[in-house]
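FYI, the numbering just counts along the sequence from 1. Here the structure is a predicted model, which means the values were calculated and not measured.
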Amino acid sequence: MSSASPVNRHTARHAVNRAQTDRSQQRADAFRRQTPAGRTVRKIERTQEFLDLVGACHHFVAACGKAVPQLRGRTLSDDEQAVLAQNVARCRATLDWIETAAETGEVDMDDELARLLRGE
């Protein structure tokens, strides 16, 4: 019978799994950098990432194009306006983040943006 506690076994198992995942990721990264097929795969992945972002923008615009006209003739309550204003601020911050990432390649969020996007 093992003398290690269940918590220690779980921690050790997690560390081994993490090491295996990291090693696999390192191999995949090396493949993408060092082989012609890997560089082609990376180009395809970058195109897919770009298309995912463009698709997300399209989806947002299309959804708003359907939802906003439904407000015709309706006055939002103060609570509804507050919730909407909070969400619009999150959308604006996200759009600014997208523009910054596209212009600079910098995708890190500052703490304030991260809190805003989490709804804090």
Would you compute the distance between atom [atom1] of [X] and atom [atom2] of [Y] and round it to the nearest 0.5 angstrom?
X	Y	atom1	atom2	value
Leu84	Asp79	CG	CG	12.5 Å
Thr11	Arg9	OG1	CZ	11.0 Å
Gln25	Arg27	CD	CZ	12.5 Å
Arg74	Leu76	CZ	CG	5.5 Å

Pairwise side-chain contact, [X] with [Y], heavy-atom cut-off 4.5 Å (strictly under):
X	Y	value
Glu45	Val41	yes
Glu80	Val83	no
Asn87	Arg90	yes

Worked verdict on His58 versus Val61 for side-chain contact (heavy atoms from CB on, under 4.5 Å):
CA-CA 5 Å; His58 175 76; Val61 171; 5.8 Å; no

Path from Leu71 to Val88 over hydrophobic side-chain contacts below 4.5 Å:
yes

Within 6.0 angstrom of [X] [atom1], more than 12 heavy atoms from elsewhere:
X	atom1	result
Arg118	CZ	yes
Arg39	CZ	yes
Asp78	CG	no
Phe60	CZ	no

Salt bridge or not between Glu49 and Arg46? Use side-chain N to carboxylate O under 4.0 Å.
no

Under 4.0 Å between a side-chain nitrogen and a carboxylate oxygen: does that hold for Arg18 and Asp22?
yes

Which heavy atom of Pro69 sits nearest a heavy atom of Cys64, and at what distance?
CD-O, 3.9 Å

Under a 3.5 Å distance rule, please check whether Ser24 uses its side chain to pair with a backbone N or O of Gln20 as donor and acceptor.
no

